[in-house]
Amino acid sequence: MFDFFVNVVLFWTFMFLLALQAYNILFHKDVPNIRTAPAIRKKIIDLLKTDFEARKISPYTIVDLGSGNGLFTREIAQALPQARVIGIEITRQSVMWSNWRKRRAKINNLEYRRMDFLLYDFSEADAVVMYLVPRFMNSLGKKLHEEAKSGTLITSNKFSLGDGWVPEETMRIKTLYFHQGELRVYRKA
Ligand SMILES: C[S@@+](CC[C@H](N)C(=O)[O-])C[C@H]1O[C@@H](n2cnc3c(N)ncnc32)[C@H](O)[C@@H]1O
């Protein structure tokens with residue numbers, strides 16, 4: 001009886017992981033749609049507020065690369081109502097969901113673009129935030145070197161930007177999400 005129970009649990013765990021993997025491959029370019037941990041989101045929002053107040057740019061444009069279901073972009077837009085927030089996301093369903101949540105929350109300084117972030121032109125951004133996977137970090141590093149304006153603030157949750165970027169600071173942040181805890185902060189020279 002015990003063996004039967006263990007086998008059933010193992011089988012359904014395996015099926016669940018398989019379905020999750022298939023969902024991520026099919027809809028999220030094989031990037032798991034996992035959100036940035038709350039403590040790290042709070043830290044990034046503090047950094048954005050400080051940068052916005054120091055640089056006094058209008059409109060101060062913040063871009064989330066791979067905005068997923070939009071929670072982080074909504075929080076940023078609500079915390080910085082004077083800023084303009086753009087979520088770039090490849091998955092149609094996530095963009096539809098994000099737009100619906102944005103309308104429900106009556107947020108006016110937030111927009112979503114359904115596109116591949118490797119085709120996005122960074123020259124309009126004053127700050128860029130990302131939580132992605134290592135395979136994008138080189139091409140994004142190169143694109144940011146070529147296109148980002150001088151002074152652009154860039155944060156990356158967990159993974160380092162490639163193409164020679166050196167973080168101004170690497171922060172260790174305590175979070176309940178066991179796989180997260182390091183935030184890298186860069187500044188375009
Ligand atoms: C780990 S989630 C991050 C969600 C949110 N930015 C956060 O930090 O909480 C990454 C998102 O990137 C999206 N994504 C993956 N490849 C992409 C691409 N080439 N262009 C645009 N979005 C992409 C995935 O669909 C996924 O929703």
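Fair warning: this is a prediction, and the values are worked out from it, not measured in the lab. Atoms within each ligand, like the ligands themselves, are counted from 1 in listed order.
For ligand 1, one of its N or O atoms has an N or O atom of D64 under 3.5 Å away. By the 3.5 Å distance cut-off applied to N or O atoms, L132 is not counted among the residues near ligand 1. Where the criterion is an N or O separation shorter than 3.5 Å, residue side chain and backbone included, L65 fails it with respect to ligand 1.
For CG of N108, the number of neighbouring non-hydrogen atoms (other residues, nucleotides, ligands) closer than 6.0 Å is 12 at most. For K142, the NZ atom is loosely surrounded, since the number of other residues' heavy atoms within 6.0 Å does not exceed 12.
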side-chain contact (heavy atoms from CB on, under 4.5 Å) between L161 and D163, intermediate numbers included
CA-CA 7 Å; L161 260 185; D163 199 43; over 6 Å; no

Is there a ring-ring contact (aromatic ring centres under 6.0 Å, His included) between Y131 and F72 once you walk through the steps?
CA-CA 11 Å; Y131 174 33; F72 194 20; 9.8 Å; no

Mind running side-chain contact (heavy atoms from CB on, under 4.5 Å) on Y112 and T73 for me, showing each step along the way?
CA-CA 9 Å; Y112 293 100; T73 46; 2.7 Å; yes

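Regarding atom 22 (N) of ligand 1, its nearest protein heavy-atom neighbour is I90 N, 3.2 Å. For atom 16 (N) of ligand 1, the closest non-hydrogen atom of the protein is K29 CB, 3.5 Å. Looking from atom 2 (S) of ligand 1 to the surrounding protein, the closest heavy atom is I34 O, 3.5 Å. Ranking the protein heavy atoms by distance from atom 18 (C) of ligand 1 puts F117 CE2, 3.4 Å first. For atom 5 (C) of ligand 1, the closest non-hydrogen atom on the protein side is G66 O, 3.5 Å. In terms of protein heavy-atom proximity, atom 19 (N) of ligand 1 is closest to D116 OD1, 2.9 Å. The nearest heavy-atom contact from the protein to atom 13 (C) of ligand 1 is E89 OE1, 3.3 Å. Here the protein heavy atom with the shortest distance to atom 15 (C) of ligand 1 is V31 CG2, 3.4 Å.
No salt bridge links R35 with E75; every basic N to acidic carboxylate O contact stays at or beyond 4.0 Å. A salt bridge does not link K49 to E53: none of the charged side-chain nitrogens sits closer than 4.0 Å to a carboxylate oxygen. Ion pairing between E169 and K43 fails under the 4.0 Å rule for side-chain N and carboxylate O.
Contact atoms of ligand 1 toward T36: 7 (C), 8 (O), 9 (O) (distance under 4.0 Å to a heavy atom of the residue). Of all atoms in ligand 1, numbered sequentially from 1 with element shown, those under 4.0 Å from a heavy atom of T91 are 25 (O). Against a heavy-atom cut-off of under 4.0 Å, R35 is close to the following atoms of ligand 1: 9 (O). Atoms of ligand 1 lying under 4.0 Å from any heavy atom of G68, numbered from 1 in the order shown and given with element: 27 (O).
I45 approaches A79 most closely through the heavy-atom pair CG2-CB, 3.6 Å. Contact detail for D116 and I88: the closest heavy-atom pair is C-CG2, 4.5 Å.
Using a 4.0 angstrom heavy-atom cutoff, M115 counts as in contact with ligand 1. Heavy atoms of L118 stay at 4.0 angstrom or farther from ligand 1.
Put simply, the side chain of R74 never gets that close to the backbone of A105: no donor and acceptor are under 3.5 Å apart.
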